[in-house]
Novice: 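Right, I'll just put the structure down here and ask away after.
Scope of the values below: all heavy atoms of this structure, side chains included, with no hydrogens, waters or symmetry mates. In each ligand, atom 1 is the first atom listed, and ligand 1 is the first ligand listed.
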Amino acid sequence: PHPGYAQMRRETPVIQVEPAGFWAISRYEDVAFVIKNPLLFSSEGFKTAWQPAWVGYNPLANSMITSDGTKHTRMRTLVSRAFNASAIQRMEARIRKLSLQLADGLAQKGEGDFVSLFAMPLPAFVIGELLGLDVSFHHRFKGWSDDIASVTPEPLTPQHAERTLTAIADLTGYLSEVIAARRRTPADDLVSDLVRAEADGQSLTDREIIDFLVLLLIAGLETTVHLLANSLLFLADHPEEYARLRANPTLVPKFIEEMLRYDSPVQALVRIVTTDVTLAGVKIPKGEVVLAIVSSANRDERQYPHPDRFELHRDQPSISFGHGAHFCIGAQLARMEARCGMEALLSRFSGFQRTPAELTWGQAITVRGPHTLPLRFIP
Ligand code: HEM
């Protein structure tokens with residue numbers, strides 16, 4: 001899928017890309033080095049890279065994904081409770097039920113766009129629950145998330161900018177109400193956890209809570225949509241792999257791990273170089289932007305034998321959830337969503353086929369997956 005990356009890994013593993021000016025890092029070892037060394041490669045870079053897209057207002061500016069050091073650790077400690085194993089487990093029964101409902105919906109249709117019918121509603125529902133949205137808001141939430149999550153670090157049309165700003169204003173307005181309500185009457189949910197965390201000496205401001213919730217929408221929605229859609233695209237093209245999973249659904253977790261490596265939902269991570277640094281023999285000056293290309297690292301022949309083969313049984317994990325301080329806080333949740341989704345599909349369908357309708361791809365540069373995936377759902 002990325003023949004250009006193989007050549008980069010071979011010939012120019014660290015190279016400045018013109019006219020954009022950023023440095024592309026394509027080997028596993030170097031990508032891992034970049035994201036394991038936040039003192040040399042700062043995450044504040046993300047902020048700059050996203051700024052144009054947010055037309056002056058940037059909800060990521062104070063979020064943990066764009067923070068380093070103690071500021072990052074404080075945020076991460078406060079929110080991590082909501083993502084621990086027992087919190088995730090509590091959600092599983094509801095997610096499994098929703099997965100089966102969505103699969104039944106596919107069965108009724110017979111064919112259609114897998115993204116809008118399954119891959120999007122499943123994680124959107126999960127994030128909606130995390131944000132404390134009540135069901136009556138789910139239809140508005142869909143519009144917000146479409147407008148907000150489709151933002152990429154590229155120039156925006158004025159119409160898109162306008163829509164994005166309106167969506168952010170609506171969403172943050174609504175979240176303020178949820179936070180106020182949970183302050184009055186705590187419930188058993190993430191927002192209440194975040195509000196309560198304020199009481200134990202440490203505290204989060206309303207603004208910080210809102211920024212974190214918007215971060216979840218950005219970090220947790222499109223990525224998971226892509227994982228599900230990439231999986232189904234692969235299985236429609238490889239019916240023998242689908243048959244193997246169907247015969248033995250306990251292989252699903254291994255399938256998901258290999259899918260994450262084979263088709264990375266997150267393509268690249270952005271960092272800013274804090275001091276002159278030499279990587280693979282190439283000097284990168286202080287202040288430069290580096291793009292650690294996760295999807296290339298995941299196909300590096302130095303790390304994975306036969307990297308372009310899909311192989312369920314591999315010893316080396318992928319780097320798709322990142323590494324070190326910023327390792328994806330939603331990794332277990334995303335894995336569980338994907339597992340529930342796959343198990344529901346396996347239980348209802350003997351296979352999937354592409355239809356003549358056109359497959360389209362998302363346009364963002366930092367994430368990758370189908371935008372629409374027309375499939376026939378075979379009972
Ligand atoms: C961070 C990937 C799903 C929330 C990250 C990072 C990666 C990633 C690569 C590291 C970013 C960096 O180092 O700059 C993915 C993929 C997903 C996924 C591939 C799905 C397949 C989710 C979900 C949530 C989530 C479901 C929450 C609902 C976050 C948050 C961070 C993060 C909050 C920032 C952590 C920090 O800065 O300490 N994710 N993610 N992600 N992810 Fe995910």
Side-chain angles (χ1 to χ4, degrees), residues 31-32 34-38 41-47 49-50 59-60 62-80 82-84 87-88 91 95 119-120 122-131 145 149 190 194 208-209 211-231 256-272 289-295 297-298 317-342 364 366-369:
V31 166
V34 167
I35 57 183
K36 276 185 203 171
N37 285 283
F41 301 94
S42 158
S43 286
E44 304 269 336
F46 210 34
K47 200 183 297 189
W50 280 65
L60 290 185
N62 297 306
S63 73
M64 69 175 165
I65 207 166
T66 60
S67 305
D68 293 330
T70 49
K71 185 178 171 207
H72 171 258
T73 315
R74 170 178 165 271
M75 285 288 288
R76 178 124 183 164
T77 309
L78 283 173
V79 303
S80 56
F83 290 91
N84 68 21
I88 303 301
M91 300 183 72
I95 293 178
M120 175 61 90
L122 181 55
F125 168 87
V126 173
I127 307 241
E129 289 233 321
L130 284 174
L131 266 53
S145 52
L190 171 65
L194 297 174
E208 283 177 318
I209 295 178
D211 283 351
F212 176 66
L213 297 174
V214 175
L215 169 65
L216 290 188
L217 178 62
I218 295 168
L221 185 59
E222 227 183 347
T223 47
T224 314
V225 175
H226 288 335
L227 172 58
L228 287 165
N230 288 339
S231 300
I256 292 164
E257 289 317 300
E258 176 65 348
M259 203 62 224
L260 283 161
R261 183 196 71 83
Y262 189 80
D263 254 333
S264 321
V266 172
Q267 292 285 295
L269 299 173
V270 185
R271 298 290 192 265
I272 295 262
V289 176
V290 301
L291 218 59
I293 308 176
V294 168
S295 57
N298 276 332
S318 79
I319 200 165
S320 282
F321 287 119
H323 214 299
H326 290 276
F327 181 83
C328 179
I329 204 170
Q332 292 312 331
L333 177 58
R335 287 177 168 125
M336 186 262 276
E337 287 179 52
R339 179 168 49 76
C340 290
M342 283 305 309
T366 45
V367 292
R368 182 173 179 276

Novice: As an exercise, identify every atom of ligand 1 less than 4.0 angstrom from a heavy atom of Val266.
Specialist: 2 (C)
Novice: How does Leu215 reach ligand 1, by side chain, by backbone, by both or by neither, if only non-hydrogen atoms under 4.0 Å count?
Specialist: side chain
Novice: Indicate, as side chain, backbone, both or neither, the part of Ala338 found under 4.0 angstrom from ligand 1 when only non-hydrogen atoms are considered.
Specialist: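 It is neither part, as no heavy atom is under 4.0 Å.
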Novice: Does the side chain of Met120 reach to within under 4.5 Å of the side chain of Leu221, using non-hydrogen atoms?
Specialist: yes
Novice: Does ligand 1 have an atom that lies less than 4.0 angstrom from a heavy atom of Ile35?
Specialist: no
Novice: As an exercise, state the distance from NE2 of His226 to OG1 of Thr224, rounded to the nearest 0.5 Å.
Specialist: 10.0 Å
Novice: Any donor-acceptor pair under 3.5 Å linking the side chain of Ser318 with the backbone of Leu260?
Specialist: no
Novice: Under 4.0 Å from any heavy atom of Ala325, which atoms of ligand 1 are there?
Specialist: 38 (O)
Novice: At the 4.0 Å heavy-atom cut-off, does Ser264 count as touching ligand 1?
Specialist: no
Novice: Just how far is it from atom CD1 of Ile95 to atom CG of Leu333, taken to the nearest 0.5 Å?
Specialist: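 The CD1 atom of Ile95 sits 5.5 Å away from the CG atom of Leu333.
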Novice: Not counting sequence neighbours, which residues clear side chain to side chain contact (heavy atoms under 4.5 Å, CB included) with Glu208? List them please.
Specialist: Arg74, Met75, Leu204, Thr205
Novice: Within the structure provided, determine whether Ile329 and Met64 are in side-chain contact (heavy-atom separation under 4.5 Å).
Specialist: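 When only atoms from C-beta onward are counted, Met64 and Ile329 do touch, with a gap below 4.5 Å.
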Novice: Got a donor-acceptor contact below 3.5 angstrom from the His326 side chain to the Ser67 backbone?
Specialist: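 Such a contact is found between His326 side chain and Ser67 backbone.
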Novice: Are any of the N/O atoms on Arg271, whether in the backbone or the side chain, positioned under 3.5 angstrom from an N/O atom of ligand 1?
Specialist: yes
Novice: Could you work out, for atom 22 (C) of ligand 1, the closest of Cys328, Pro123, Gly324 by heavy-atom distance?
Specialist: Cys328
Novice: Looking at Asn298, is its backbone amide N or carbonyl O close enough to the side chain of Arg261 to form a donor-acceptor pair, meaning the two atoms are under 3.5 Å apart?
Specialist: yes
Novice: Mind checking whether His326 has an N or O less than 3.5 Å away from an N or O of ligand 1?
Specialist: yes
Novice: Just wondering, do Leu216 and Phe83 contact through their side chains at under 4.5 Å, heavy atoms?
Specialist: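 In short, these two side chains touch, coming nearer than 4.5 Å.
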Novice: Any nitrogen or oxygen of Arg76, main chain or side chain, under 3.5 Å from a nitrogen or oxygen of ligand 1?
Specialist: yes
Novice: Go through ligand 1 atom by atom and flag the ones less than 4.0 Å from a non-hydrogen atom of Leu227.
Specialist: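 Counting atoms of ligand 1 from 1, those under 4.0 Å from Leu227 are 21 (C).
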Novice: Ligand 1 and His72, any nitrogen or oxygen pair closer than 3.5 angstrom?
Specialist: yes
Novice: Where the closest heavy atom to atom 9 (C) of ligand 1 is concerned, which of Ser320, Ser67, Ala268 has it?
Specialist: Ser320
